[in-house]
Amino acid sequence: MSAEIIDGKKVAELVRTRVREDVAEWVGKGNRAPFLKVILVGDDPASRVYIGAKTRACEDVGIETSTEILQDTISAKELKDVIRMYNTDDAVDGILVQLPLPSHLSSHDVIETINHKKDVDGFHPMNVGRLALDQPCFRSCTPAGVMELFKYYSIAVKAKHAVVVGASNIVGSPMATMLSRENSSGKATTTICHKYTRDLTLHTINADILIVAAGQPHLIKAEMVKEGAVVIDVGINRVADETSEKGYKLIGDVDFESVRKKASWITPVPGGVGPMTVAMLMKNTLLAAKQSIYPTD
Ligand code: NAD
């Protein structure tokens with residue numbers, strides 16, 4: 001068997017085209033363009049790359065954006081004051097604080113300061129809680145992007161056994177929530193694994209749908225995967241590569257070449273889940289501008 005490739009680039013472009021059309025329609029009705037404020041603390045090179053991709057995506061779909069770069073010595077109070085200023089600024093629809101933050105700042109504390117109605121990353125406890133309750137909310141972009149891939153490729157999730165490897169607040173946990181909810185699109189029997197899981201293979205081998213977000217290069221090998229499984233690789237790992245100009249290459253958490261021979265569907269890295277994350281951010285920012293999730297009464 002050789003798995004069908006899930007083309008995240010193609011699906012992300014379709015999502016972005018839809019957002020572009022909706023933004024044009026929204027602006028055509030006399031509304032201002034949606035506006036996304038990005039806050040970067042410090043100068044992490046990887047964060048700059050991610051922000052660059054988000055900025056280009058905004059420009060592509062007609063969303064306005066600007067990035068505020070703050071010193072990595074900023075105090076929690078100063079950072080929260082900046083966020084509060086944008087919370088009450090009617091010209092700002094979405095606020096995104098790029099993670100990770102310098103170690104003296106608590107990401108929980110900072111995220112909780114963002115007005116949940118502008119939390120287009122879907123990380124605020126209000127949005128996480130509403131996701132768990134199957135209520136309308138901003139859904140975390142990466143897992144929401146994975147659900148969109150299932151929808152596009154008509155990959156049935158309902159009643160399947162889904163195994164999520166990784167339980168972080170931004171990927172693994174919301175992914176498992178989306179898959180497992182009984183009333184929304186998920187409806188899968190869901191297992192969550194993390195670094196304390198004793199025998200990972202015991203779980204992964206039983207997965208009809210295997211989603212890996214552990215940040216461990218090639219953690220998942222063919223012998224850990226059930227024949228015919230759907231394999232979604234969220235991992236993005238930089239590994240040294242002398243043959244590349246940059247001196248590194250990006251690989252996933254799944255050993256793609258061996259696993260593709262066993263799976264029915266598989267996402268590549270790059271070009272799988274990554275582009276979907278940015279596309280879903282565009283979707284969330286438009287929803288924020290339209291106040292579709294939290295209508296004002
Ligand atoms: P994280 O470090 O916050 O969490 C990793 C999780 O994996 C933890 O729950 C940990 O317990 C678990 N884990 C680690 N080693 C494990 C092991 N050997 N077996 C089982 N579980 C293990 O990471 P994160 O922010 O959730 O990101 C995970 C990966 O996804 C990273 O490679 C990151 O770069 C990537 N990522 C990709 C996108 C995207 O758009 N494609 C978005 C966010 C994160």
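What you see below is based on every heavy atom in this structure, not just the backbone, and it leaves out hydrogens, waters and symmetry mates. Note that ligands are numbered from 1 as they come in the structure, with each ligand's atoms numbered from 1 the same way. In this chain, residues are counted from 1 in sequence order. Nothing here was measured: the structure is a model prediction, and the numbers come from that model.
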**Study point:** Donor-acceptor side-chain pairing of Lys37 and Ser66 below 3.5 angstrom
**Key:** yes
Check your understanding: Among protein heavy atoms, which sits nearest to atom 14 (C) of ligand 1, and what does the distance come to when rounded to 0.1 Å?
Key -> Ala214 O, 3.6 Å
Exercise for review: Could you list which atoms of ligand 1 come closer than 4.0 Å to a heavy atom of Gly274?
Suggested key: 40 (O), 41 (N)
Check your understanding: For the atom pair CG (Leu36) and CG (Leu96), what is the distance rounded to the nearest 0.5 Å?
Key -> 6.0 Å
**Study point:** SB check Arg20 Glu13 (cutoff 4.0 Å)
**Key:** yes
Study note, to complete from the structure: With heavy atoms and a 4.0 Å threshold, my read on which part of Asn169 contacts ligand 1 is neither
Study note, to complete from the structure: Taking only non-hydrogen atoms of Val165 and a 4.0 Å limit, the atoms of ligand 1 in range are 20 (C), 21 (N)
Practice item. Please check atom 2 (O) of ligand 1 for a protein heavy-atom neighbour under 4.0 Å. Key: no
Practice item. For atom 21 (N) of ligand 1, find the nearest protein heavy atom and state the residue, atom name and distance (0.1 Å precision). Key: His194 C, 3.1 Å
Check your understanding: Should the pair Tyr294 and His116 be assigned to parallel (<30°), tilted (30 to 60°) or perpendicular (>60°) ring geometry?
Key -> perpendicular
**Study point:** atom 17 (C) of ligand 1 - nearest protein heavy atom and its distance
**Key:** Leu219 CD2, 4.0 Å
Check your understanding: Distance only, no hydrogens: is a donor on one side chain within 3.5 Å (strictly under) of an acceptor on the other, for Thr65 and Thr55?
Key -> no
Point to revise | Those atoms of ligand 1 less than 4.0 Å from some heavy atom in Asn237 | key: 32 (O)
**Study point:** Test of proximity, Tyr50 against ligand 1: N or O pairs below 3.5 Å
**Key:** no
Review point. Are Asp81 and Lys77 close enough for a salt bridge, meaning some N to O gap below 4.0 Å?
Key: yes
Review point. Ala213 heavy atoms, cut-off 4.0 Å: which ligand 1 atoms fall inside?
Key: 5 (C), 6 (C), 7 (O), 28 (C)
Practice item. Just jot down the ligand 1 atoms closer than 4.0 angstrom to any heavy atom of Ile170, in number order. Key: 25 (O)
**Study point:** Polar proximity ligand 1 side, Thr277 side, N/O cut 3.5 Å exclusive
**Key:** yes
Practice item. Between Thr142 and ligand 1, find which residue part has any heavy-atom pair under 4.0 Å and reply side chain, backbone, both or neither. Key: side chain
Exercise for review: With rounding to the nearest 0.5 Å, note down the distance linking CD in Gln98 to CD1 in Ile39.
Suggested key: 11.0 Å
Review point. Does at least one non-hydrogen atom of Gly172 fall below 4.0 angstrom from an atom of ligand 1?
Key: no
**Study point:** Validation row: Ile232, Phe150 side chains within 4.5 angstrom (heavy atoms)
**Key:** yes
Practice item. Assess Thr197 for proximity to ligand 1: is some non-hydrogen atom of it under 4.0 Å away? Key: no
Exercise for review: Report the nearest protein non-hydrogen atom to atom 35 (C) of ligand 1: residue, atom name, distance rounded to 0.1 Å.
Suggested key: Val234 O, 3.5 Å
Practice item. Using a strict 4.0 Å cut-off to heavy atoms of Ala167, name the atoms of ligand 1 that fall inside it. Key: 6 (C), 8 (C), 9 (O)
Point to revise | Pair Glu4, Tyr153: side-chain N/O donor-acceptor within cut-off below 3.5 Å | key: no
Exercise for review: Could you state whether Val157 and Ile192 fall into the same hydrophobic cluster, counting links through intermediate Ile, Leu, Val, Met, Phe, Trp or Tyr residues with side-chain heavy atoms under 4.5 angstrom apart?
Suggested key: no
Review point. Can a donor-acceptor pair be found between the side chains of Tyr50 and Asp44 at a distance below 3.5 Å?
Key: no
**Study point:** Nearest candidate to atom 44 (C) of ligand 1, where distance is taken over non-hydrogen atoms, out of Thr204, Val171, Leu200
**Key:** Val171
Practice item. Around atom 22 (C) of ligand 1, find the nearest protein heavy atom and jot down its residue, atom name and distance. Key: Lys195 N, 3.6 Å
Point to revise | Nearest protein heavy atom with distance in Å, relative to atom 32 (O) of ligand 1 | key: Ile236 N, 3.0 Å
Exercise for review: Write out the residue and atom name of the closest protein heavy atom to atom 24 (P) of ligand 1, then the distance separating them to 0.1 Å.
Suggested key: Ser168 OG, 3.7 Å
Point to revise | Interatomic spacing from NZ in Lys262 to NZ in Lys221 - rounded to 0.5 Å | key: 13.5 Å
Review point. Looking at ligand 1, does any of its N/O atoms fall within less than 3.5 Å of an N/O of Gly166?
Key: no
**Study point:** ILVMFWY network linking Val163 to Met147, side-chain heavy atoms under 4.5 angstrom
**Key:** no
Review point. For Asp134 and Ser184, does a side-chain donor sit closer than 3.5 Å to a side-chain acceptor?
Key: yes
Check your understanding: Got the closest protein heavy atom to atom 31 (C) of ligand 1, with its distance?
Key -> Gly215 CA, 3.6 Å
